[in-house]
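Here's the structure we're looking at; comments come further down.
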Protein chains: 2
Amino acid sequence: MDSAPLHQAIARLAAEMTAHGKHRDDPAREVMGLLGDRWSTLILLVLETGEWRHADLRRTLGQLSAEQAISQRVLTLKLRTLERDGFVARTITGSVPPKVSYRLTPLGRDLHGQARALIDWINTRADNIRLARERFDAADS
Amino acid sequence: MDSAPLHQAIARLAAEMTAHGKHRDDPAREVMGLLGDRWSTLILLVLETGEWRHADLRRTLGQLSAEQAISQRVLTLKLRTLERDGFVARTITGSVPPKVSYRLTPLGRDLHGQARALIDWINTRADNIRLARERFDAADS
DNA sequence: CCGCATCCTAGGCGATACTG
DNA sequence: CAGTATCGCCTAGGATGCGG
């Protein structure tokens with residue numbers, strides 16, 4: 001039984017956790033979940049280039065995605081979430097037809113920069129990861 | 001119509017995307033999805049402290065989580081995914097009862113470091129984000 | 001102790017059709 | 001053009017029970 005170092009580790013971690021976060025409405029978990037979803041990082045990437053209207057943004061995301069296009073409904077949902085957290089700003093001008101523009105806030109640009117760092121790290125390790133997967137899949141037969 | 005700068009932006013982005021990634025089995029999207037899930041970052045955090053057995057790890061994760069404990073099934077699944085990508089190493093000793101230990105690989109430790117940077121950035125902005133949410137929720141009434 | 005199989009539920013996301 | 005409503009699928013993840 002190596003229970004002593006084990007409990008020590010638990011105590012250390014528990015202290016670290018309760019220091020920040022752990023309680024409900026934990027932005028860290030929620031934002032990480034957002035960045036891990038199907039579209040948000042791609043949306044940030046496009047909005048980084050300037051101001052976009054809903055339809056144009058939707059078309060462009062479809063072209064950038066290897067899979068299929070984002071549905072209108074989901075784009076609205078994602079933009080709402082991003083806007084709610086303060087990463088995206090929404091501007092309305094005119095109402096028939098409506099003209100709505102989206103752009104990054106300074107906070108959103110900063111978030112995108114941070115996320116890119118992680119994504120780039122993964123991309124440079126991509127072959128490494130692919131190799132590990134092949135080995136793993138071949139191993140158990 | 002500002003279609004010129006628009007298409008320019010598209011072209012630039014498309015080039016950037018096809019440079020790396022975009023094609024299927026894109027590790028970046030998959031690993032980001034992993035880090036955005038319910039448990040993986042927490043698992044990395046605990047494994048950072050050393051070598052852990054399945055049951056102990058499970059108990060500790062339960063204590064660190066504000067919500068409920070991770071199920072045995074899901075812990076196995078998450079560890080398998082992490083192992084498959086080369087972030088976690090699994091060692092078996094004895095078979096009745098089995099003794100299985102998990103620890104981070106160098107790649108896994110590195111990944112965790114990168115992820116922590118992003119998580120820490122979010123945590124330092126947490127109040128900022130919470131405030132944005134309150135404003136947004138109050139706005140439309 | 002660990003892992004697997006089974007079953008079940010909640011939520012993410014796509015498709016379509018409709019309003020202002 | 002932007003947004004909403006409704007539907008239906010599929011996956012993540014929890015609960016339980018068995019076997020090695």
Side-chain angles (χ1 to χ4, degrees), chain A residues 1-3 6 29-43 51-62 65-84 88-103 136 139-140, chain B residues 1-3 6 29-43 51-62 65-84 88-103 136 139-140:
Chain A
M1 270 305 181
D2 57 343
S3 61
L6 188 151
R29 276 229 36 61
E30 292 164 0
V31 174
M32 285 301 286
L34 189 63
L35 295 175
D37 77 9
R38 177 81 181 68
W39 294 106
S40 296
T41 57
L42 208 48
I43 293 174
E51 188 158 287
W52 288 78
R53 298 187 60 184
H54 184 104
D56 294 333
L57 178 54
R58 182 159 131 74
R59 242 185 312 277
T60 303
L61 288 169
S65 168
E67 304 160 42
Q68 68 211 348
I70 185 173
S71 70
Q72 193 184 29
R73 188 181 80 92
V74 174
L75 178 54
T76 305
L77 282 176
K78 293 302 171 188
L79 287 170
R80 281 289 182 287
T81 308
L82 259 3
E83 186 194 1
R84 191 174 104 98
V88 161
R90 179 169 173 267
T91 332
I92 315 176
T93 48
S95 65
V96 155
K99 181 176 191 310
V100 183
S101 292
Y102 297 91
R103 66 183 188 285
F136 182 90
D140 56 355
Chain B
M1 266 308 181
D2 57 344
S3 59
L6 188 152
R29 277 228 36 62
E30 292 165 1
V31 174
M32 285 302 286
L34 189 62
L35 295 175
D37 76 9
R38 178 79 181 69
W39 293 106
S40 295
T41 56
L42 208 49
I43 293 173
E51 188 159 286
W52 288 78
R53 299 188 59 184
H54 184 102
D56 294 332
L57 178 54
R58 184 159 129 75
R59 241 185 312 276
T60 303
L61 288 169
S65 168
E67 305 159 43
Q68 70 210 348
I70 185 173
S71 71
Q72 192 184 30
R73 188 181 80 93
V74 174
L75 178 54
T76 305
L77 281 177
K78 292 303 172 190
L79 287 170
R80 280 289 182 287
T81 307
L82 259 4
E83 185 194 1
R84 192 176 104 99
V88 160
R90 177 167 175 267
T91 331
I92 316 176
T93 48
S95 66
V96 156
K99 180 176 190 308
V100 183
S101 290
Y102 297 91
R103 66 184 188 286
F136 182 90
D140 56 356

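Note that the structure is a prediction, hence the values are computed from the model and not measured.
If B/Ala55 and A/Pro98 are placed on DNA chain C by their nearest nucleotide, the residue sitting closer to the 5' end is B/Ala55.
A/Leu34 places its CG atom 15 Å from the C1' atom of C/dG11, with the value rounded to the nearest Å. Here the C1' atom of nucleotide C/dC2 and the CZ atom of B/Arg58 are 11 Å apart, to the nearest Å. Look at CG on B/Leu79: it is 11 Å from C1' on C/dC2, rounded to the nearest Å. Distance, B/Leu42 CG to D/dG13 P: 13 Å, rounded to whole Å. Look at CD1 on B/Ile92: it is 11 Å from P on C/dC2, rounded to the nearest Å. The separation between B/Arg38 atom CZ and C/dG11 atom P is 13 Å, rounded to whole Å. For the pair A/Leu75 CG and C/dT16 P, the interatomic distance rounds to 17 Å; values are reported in whole Å. C/dG3 atom C1' lies 8 Å from atom NE2 of B/His54, rounded to whole Å.
Residue contacts shown for B/Val100 are limited to sugar-phosphate atoms, with no base heavy atom under 4.0 Å away.
Between D/dG3 and A/Tyr102, a contact under 4.0 Å exists linking OP1 or OP2 to a side-chain N or O. Residue A/Lys78 places no side-chain N or O under 4.0 Å from the OP1 or OP2 atom of C/dG12. At D/dA2, one or more side-chain N or O atoms of A/Arg53 fall inside 4.0 Å of OP1 or OP2 (strictly under the cut-off). Taking 4.0 angstrom as the limit, A/Trp39 places a side-chain polar atom (N or O) nearer than this to OP1 or OP2 of C/dG14. Between A/Arg80 and D/dG3 there is a side-chain N or O to OP1 or OP2 distance below 4.0 Å.
Scanning both residues, A/Gln72 and A/Arg58, for their nearest heavy atoms gives N-NH1, 3.3 Å. Between A/Arg29 and B/Gly36, the closest heavy-atom pair is NH2-O, 3.4 Å. Here the shortest heavy-atom pairing between A/Pro98 and A/Arg53 reads O-NH2, 3.3 Å. Closest non-hydrogen pair, A/Arg84 versus B/Phe136, comes out as CG-CD2, 3.3 Å. Scanning both residues, A/Trp39 and A/Gln68, for their nearest heavy atoms gives CH2-O, 3.3 Å.
You'll find that the side chain of A/Val74 is closest to C/dC13, out of C/dC13, C/dG3, D/dT4. Comparing D/dG13, D/dG3, C/dC2 by their closest approach to the side chain of A/Arg90 singles out D/dG3. Nearest to the side chain of A/Gln72, among C/dA17, C/dC13, C/dC4, sits C/dA17. Proximity note for A/Arg73 (side chain, C-beta onward) versus D/dG14, C/dG3, D/dA5: the nearest is D/dA5. Which of D/dG13, D/dC1, C/dG14 sits closest to the side chain of A/Gln68 comes down to C/dG14. Candidate nucleotides D/dG13, D/dG3, D/dG14 were compared by shortest atom distance to the side chain of B/Ile70, and D/dG14 ranks first. Side-chain atoms of A/Thr76 lie closest to D/dG3 of the nucleotides C/dG3, C/dC1, D/dG3.
Side-chain atoms of B/Ser65 never come within 3.5 Å of backbone atoms of B/Leu61 as a donor-acceptor pair (strictly under, hydrogens ignored).
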